Amino acid sequence: MIALLEAARAGLLSRDKLLHNAVAGVIVGVVALPLSMAFAIASGARPEQGLYTAIIGGFLVSVLGGSRVQIAGPTGAFIAILASITARHGIDGLQIATLMAGCMLALLGVGRMGAVIKFIPAPVIVGFTAGIGVIIFVGQWKDFFGLPSVTGAHFHEKFWHLLEALPHLHIATTALAVLSLLIVVFAPRIPWVRRVPGPLLAMAFATALVALFRFPGVATIGSAFGGIPQGLPSFALPTVTLARVIELLGPAFTIAMLGAIESLLSAVVADGMAGTKHDSNQELIGQGIANIAIPFFGGFAATGAIARTATNIRNGGSSPLAGVVHALTLVAVLLFLAPLAVNIPLAALAAILFVVAFNMSEMRHFARMVRRAPRADVVVLLITFLLTVFADLVVAVNIGVTLAILHFLRRMAASVEVQQLSGDELKIELLNQGLFDLPKGVLVYEIDGPFFFGAVENFERVLLQTHSDPHILILRLRHVPFMDITGLQMLEEVIGKLEKRGVRVMLCEANARVRAKLEKADVIALLQAGDFLADFPAALARADAIAPEMEGKRHHPLSEQACHLIETSRRFFEDDR
């Protein structure tokens, strides 16, 4: 259900909880201020658009989402893909793609796909987040070192051009960036300033220095963007055409998938920290509605922000009220402090993003996974990472997930066993039927595991490549949880081939789900009447009763070529006679 209603029912909106949530919301709003502007600039948008995104997205996700403590807004995970969309389609294209992604997210939530998103393998997630971290880090060199603009369609080209430009770095810009970086990293370790968020402290200190000394050549929000408009964003309808929708379908899907993954990961982290339990489908619906609304107010894609959500919880946030206050704090900044933004140096924002990139890369976790994970998972991790950096995030995630699925299917297929059960293994069940051994000419096989397309080769090989055929073959299905159409077709083929070889097939112990599939696929109709049984004792009793009859009828069928040869010879001798 909607987190706001759940919080109200749980008494989290009572007066004694208001102050804690209000304080947490103000702190998160302060933290979001520099991050929102930095993420916007890195994504190719204007700094105020990042604030608009945090305000609208933060408010709507808090009110309509599925997590009590989720804080939404622009995030670092989106930078690589959003910057690419902005470069190719412009900021209006980015907003249309965001609107489309919002519709997709809402549909995913309505279709109850929230649980499915969680099954994306860890190596894929770690691989693409580490790759995004590398892209953000290198992408901020220009503003951090005050380098001239570089060109290049691919990462390696931009990286090489940036390396060539490094000797021409701007001294004042670099010094300011290094100072900001040191403040972000070390301020939380100083007792008397640790309560002030490091990014805000770094931005404020660097802004004060620029305002006082007016360093020549240092790029600021004022010099790059003309400052931030004072006041709330105005409502505007994006120009959406069918051609534009078709053109942006791929980017929109990427935003939706990445947004779903990021928001649900953030919600899971929040559950672990706050002891809550989020509704993944409602969270996707809330994220979808937020991303539908944001473009109408000048913003772009938003999702759950893990760092800001964690900050909210650590400072006492326990209800959606904290997210609402966080949005109102940013509104107050726009209304009263916007003129001060002209002196914010881009170098300080680049330093903040350096730390964001480092945290996203999770270098220790990445290295530990490379050392300890199974070899196949390491391959998926490295391929996803390299493709994210050197190719494209969409390609990386698609190929990473595909490789992980193929590896999983291979392991699943290998785990499915088709084995013959001997009289010794069936001793107790035989004794219950008054038998000391299997009836003559009766074999029992058992399938252990899901009978799907990956396992049919093993099944066919075991059952058809026998050196001597039995009279009756009993196939036990008690350990088969499900069958797919490939497995059903293979079972149908095997029954047909065995019947041609004079082997009578019985099936038993299928669960209700498997039985329904067998009936629908007309596999049961291939058996002789009464040869599909509910349990093994009934199959054993039937086999014991008809075994003598089958032994009398049993013959070794000749091949079609042999039959044709005998018939030709017979006719020859009759004609000769």
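In this text the structure is predicted, and so the values were computed from the model without any measurement. Side chains included, hydrogens not; waters and symmetry mates left out as well; all remaining heavy atoms used.
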With a 6.0 Å cut-off (strictly less than), is the heavy-atom count around [atom1] of [X], excluding the residue itself, greater than 12?
| X | atom1 | result |
| --- | --- | --- |
| Arg112 | CZ | no |
| Arg88 | CZ | no |
| Arg195 | CZ | no |
| His89 | NE2 | yes |
| Phe253 | CZ | no |
| Met363 | CE | no |

Backbone of Phe59 reached by a side-chain donor or acceptor of Ser62 within 3.5 Å: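 Not a single qualifying donor-acceptor pair exists.
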Hey, what's the ring geometry for Phe145 with Trp141, parallel, tilted or perpendicular (30° and 60° as the breaks)? perpendicular
Which class fits the ring pair Phe297 and Phe235: parallel under 30°, tilted 30 to 60°, perpendicular over 60°? perpendicular
Could you give me the CA-CA distance, side-chain angles and deciding distance for Ile221 and Leu346, then say whether side chain to side chain contact (heavy atoms under 4.5 Å, CB included) is met? CA-CA 7 Å; Ile221 285 181; Leu346 301 185; 4.1 Å; yes
Can you find a pair of side-chain heavy atoms, one from [X] and one from [Y], that are under 4.5 Å apart?
| X | Y | result |
| --- | --- | --- |
| Leu349 | Ile344 | yes |
| Phe296 | Leu99 | yes |
| Leu232 | Val331 | yes |
| Leu108 | Met257 | yes |
| Arg244 | Asp92 | yes |
| Gln95 | Gln49 | yes |
| Pro320 | Val63 | no |
| Met369 | Val378 | no |

Where do Ser263 and Gln70 land on the side chain to side chain donor-acceptor pair (under 3.5 Å) test, with the steps shown first? CA-CA 8 Å; Ser263 62; Gln70 180 86 283; 5.3 Å; no
Stepwise side chain to side chain contact (heavy atoms under 4.5 Å, CB included) check, Ser149 with Lys142: CA-CA 7 Å; Ser149 297; Lys142 174 184 174 295; 3.1 Å; yes
Quick one: are the ring centres of Phe482 and Phe451 less than 6.0 Å apart? no
Quiz: residues 379-391 side-chain donor-acceptor pairs under 3.5 angstrom, not counting sequence neighbours:
{"from": "Thr384", "atom 1": "OG1", "to": "Val380", "atom 2": "O", "distance (Å)": "2.7"}
{"from": "Thr388", "atom 1": "OG1", "to": "Thr384", "atom 2": "O", "distance (Å)": "2.7"}

His365: what forms a side chain to side chain donor-acceptor pair (under 3.5 Å) with it, not counting sequence neighbours?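 His365 satisfies side chain to side chain donor-acceptor pair (under 3.5 Å) with Arg368 only.
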Distance in Å, Ser67 OG paired with Asp271 CG, rounded so as to fall on 0.5 Å steps: 6.0 Å
What's the separation between atom CG in Asn511 and atom CE in Met483, rounded to the nearest 0.5 Å?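 These two atoms lie 9.0 Å from each other.
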When you check the gap from the basic side-chain N to the acidic O, do Arg9 and Glu6 get nearer than 4.0 Å? no
Please give me the minimum heavy-atom distance between Ile294 and Ala302, naming the atom from each residue. CD1-CB, 3.6 Å
Using every non-hydrogen atom in the two residues, find where Ala351 and Ala177 come nearest and quote the distance to one decimal.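 Minimum heavy-atom contact is CB-O, 3.5 Å.
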Does the pair Leu82 and Ile255 meet the rule for a side chain to side chain contact (heavy atoms under 4.5 Å, CB included), with working shown? CA-CA 8 Å; Leu82 298 189; Ile255 293 174; 3.9 Å; yes
Output, in order, the C-alpha distance, side-chain angles, deciding distance and verdict of side chain to side chain contact (heavy atoms under 4.5 Å, CB included) for Ser36 and Arg308. CA-CA 11 Å; Ser36 298; Arg308 275 160 276 171; 4.3 Å; yes
